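Written below as structure tokens is the structure these notes are about.
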2 protein chains.
Amino acid sequence: MKFSKIPAATITRLSMYSRNLEELLAEDVKVISSEKLAERCGVNSAQIRKDVAYFGEFGVRGVGYYVRDLLFEIKKILGLNKEWNLALVGIGNLGSALIAHENFARQGYRFVAAFDNDPHKIGKKLLSGLLVDRIDDLKKVKARCNIEIGVISTPASKAQEVANRLIEADVRAMLNFAPIQIQVPKGFSVENVDFTVKLDNLAYHLTTEG
Amino acid sequence: MKFSKIPAATITRLSMYSRNLEELLAEDVKVISSEKLAERCGVNSAQIRKDVAYFGEFGVRGVGYYVRDLLFEIKKILGLNKEWNLALVGIGNLGSALIAHENFARQGYRFVAAFDNDPHKIGKKLLSGLLVDRIDDLKKVKARCNIEIGVISTPASKAQEVANRLIEADVRAMLNFAPIQIQVPKGFSVENVDFTVKLDNLAYHLTTEG
DNA sequence: TGGTGTGAACAACTTCACAGCG
DNA sequence: CGCTGTGAAGTTGTTCACACCA
């Protein structure tokens, strides 16, 4: 185990390993070698060994990794041994779909608040049972619900403004669905989910190789 | 201009430059230096010069880049000088939200077909006016609508199966919203939009640095 | 003069290859 | 013996620094 810097890509792969290990667990596989797991994940086996070795010695030489143990360790590394409280900002089509989406809940992400600035939406109850709050009440609601991650699903033109509110309320992490680079101070994290960029990549490949 | 291999990250950045240039155009800015554009995009200026230099000499020494011209060239590179036809597969909450989402249309991506395998949904008309087709009719519908990119918004358990149908129908590009690695043969492209991975990254940072 | 285009230096990440251990 | 853990080698991507040109 070393304390050198962890590549960002390593964290992303850990997330992928975690999902695959969950599948293996469901298939009742007890032990897996880095070689086999690598094949499943489409990466190099040394990559897997190196990725997990950043954090400890979780394997058994001559044997492989115990699926249950490795899964547990990876989840601990990622911080998935607890539930995380999300707040949705921007209750449009996409936002509503996200609240209803199963993938959040399954991994322990839970929407505890929802915000909008449209007076027609404020006070309404969503299908999930959540009440839509005014964005001005963010701090107050945060104190009550312990919001840990903000999910921004407003139009691009409003996204930075929303981010500023989240920063003000000291929400340290944001998942941004708007196609724009959000500026945050040190100590805050933003992850972008930008499907236009992905589509542009596909268009490029179709144009170039097709 | 050189024909060495283009880093994947370059394409992703071109997409970002394109958006920023569109904003600059709207602000009526005529010329911009790599330095200024870099600041806006949060990257190094040499990076920008190198990225665009892979494809040609679009700048003017001592001046910078003409916004309109560079935007045009980048869009041509990415293949955004045409409209792209999308087919949505999986009409759940997320799928419906995607069809209604403005960001696709604005960049020239247009949904021309929608598929599901739920008998209750087939034949129904979506808000956009699209009729939901049977996935078995994919080839037939493709012949009519010229589907170029498939958008997969089914549960993870069905995603590979859907991908196989798309491959069979020779839809060469897929945007996958299911949290799973999709396997495709050479010549096909997949881009993943996976928010659980992004959330795991945020959770990791909150756990580690927070 | 000022900013591009680019070889060369650098940094980061990935893969190899094998020592070491269960 | 077999598979992990890891230094070393290799590869890829980024930044520097400056020649060159409008």
Side-chain angles (χ1 to χ4, degrees), chain A residues 1-17 20-21 24 29-74 77 197 201 204, chain B residues 1-17 20-21 24 29-74 77 181 201 204:
Chain A
M1 178 165 183
K2 351 190 273 189
F3 281 104
S4 49
K5 272 228 214 45
I6 316 293
T10 289
I11 305 305
T12 298
R13 282 190 300 266
L14 286 179
S15 182
M16 172 172 64
Y17 304 155
N20 275 276
L21 289 166
L24 287 165
V29 176
K30 303 290 188 207
V31 180
I32 192 155
S33 67
S34 60
E35 195 69 51
K36 287 269 178 55
L37 183 57
E39 196 182 325
R40 238 184 129 102
C41 297
V43 301
N44 182 290
S45 66
Q47 183 81 82
I48 292 189
R49 295 198 298 279
K50 189 144 279 199
D51 282 340
V52 309
Y54 280 122
F55 301 95
E57 306 208 354
F58 304 131
V60 183
R61 290 167 197 238
V63 177
Y65 298 90
Y66 288 102
V67 171
R68 180 179 296 275
D69 294 355
L70 184 58
L71 177 58
F72 176 82
E73 293 295 344
I74 289 179
I77 293 162
V197 168
N201 266 272
Y204 171 76
Chain B
M1 177 164 184
K2 352 189 273 190
F3 281 104
S4 48
K5 272 230 214 44
I6 315 293
T10 289
I11 304 305
T12 298
R13 282 191 299 266
L14 285 179
S15 183
M16 173 173 62
Y17 304 155
N20 275 277
L21 289 166
L24 288 166
V29 177
K30 303 291 188 207
V31 180
I32 192 157
S33 67
S34 60
E35 195 69 49
K36 287 270 179 56
L37 184 57
E39 197 183 323
R40 239 184 128 102
C41 297
V43 302
N44 181 290
S45 66
Q47 184 81 82
I48 292 189
R49 295 199 297 278
K50 189 144 277 196
D51 281 341
V52 309
Y54 280 123
F55 300 96
E57 306 207 353
F58 305 130
V60 183
R61 291 169 196 234
V63 176
Y65 298 90
Y66 289 102
V67 172
R68 181 180 295 276
D69 294 357
L70 185 57
L71 178 58
F72 177 82
E73 293 295 343
I74 290 180
I77 292 162
Q181 273 68 52
N201 266 271
Y204 171 77

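Remember, it's a predicted structure, so these values are computed and weren't measured experimentally.
- Note: CZ (B:F55) to C1' (C:dG5) measures 15 Å, nearest angstrom.
- With contacts defined as side-chain heavy-atom distances shorter than 4.5 Å, the pair B:R68/B:L71 does not qualify.
- Side-chain contact between A:N20 and B:Q181: present, with at least one pair of heavy atoms (C-beta onward) separated by less than 4.5 Å.
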Heavy-atom protein contacts under 4.0 Å, nucleotides 15-22 of chain C, coded B base, S sugar-phosphate only, - none: BBB--BBB
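- Protein atom CG of B:D69 is 17 Å distant from nucleotide atom P of D:dA22, rounded to whole Å.
- Distance NZ (A:K5) to P (C:dC13): 9 Å, rounded to an integer number of Å.
- C:dT4 atom P lies 9 Å from atom CD1 of B:I48, rounded to whole Å.
- Annotation: B:Y66, atom OH; neighbour count of heavy atoms from other residues, nucleotides and ligands within 6.0 Å does not exceed 12.
- Phosphate contact (OP1/OP2 of D:dG13, side-chain N/O of B:R13, threshold under 4.0 Å): absent.
- Within the structure, the salt bridge (Lys or Arg N to Asp or Glu O under 4.0 Å) test picks out the following pairs touching residues 32-44 of chain A (sequence neighbours left out): A:E23-A:R40, A:E27-A:R40.
- Summarising the geometry, the separation between CD1 on B:I6 and C1' on D:dG13 is reported as 13 Å, rounded to the nearest angstrom.
- Side-chain contact between A:Y17 and A:V43: present, with at least one pair of heavy atoms (C-beta onward) separated by less than 4.5 Å.
- No option in A:I77, A:I6, A:L14 other than A:I6 meets the side-chain contact (heavy atoms from CB on, under 4.5 Å) test with A:Y54.
- Within the 4.5 Å cutoff, the side chain of A:E73 has no heavy atoms near those of the A:V52 side chain.
- Atoms OG and CG, on A:S34 and A:L70 in that order, are 10.5 Å from each other to the nearest 0.5 Å.
- Remark: C1' of D:dT4 and OH of A:Y54 are 16 Å apart, rounded to the nearest angstrom.
- For the contact set between residues 32-40 of chain B and DNA chain C, defined by any heavy atom under 4.0 Å, the members are B:S33, B:S34.
- In terms of phosphate contacts, B:Y65 brings a side-chain nitrogen or oxygen within less than 4.0 Å of OP1 or OP2 of C:dG5.
- Taking atom OH of A:Y66 as the reference point, atom P of D:dT4 lies 12 Å away to the nearest angstrom.
- Distance, A:F58 CZ to D:dC3 C1': 17 Å, rounded to whole Å.
- Using a 4.5 Å heavy-atom threshold, the side chains of A:L37 and A:L24 count as touching.
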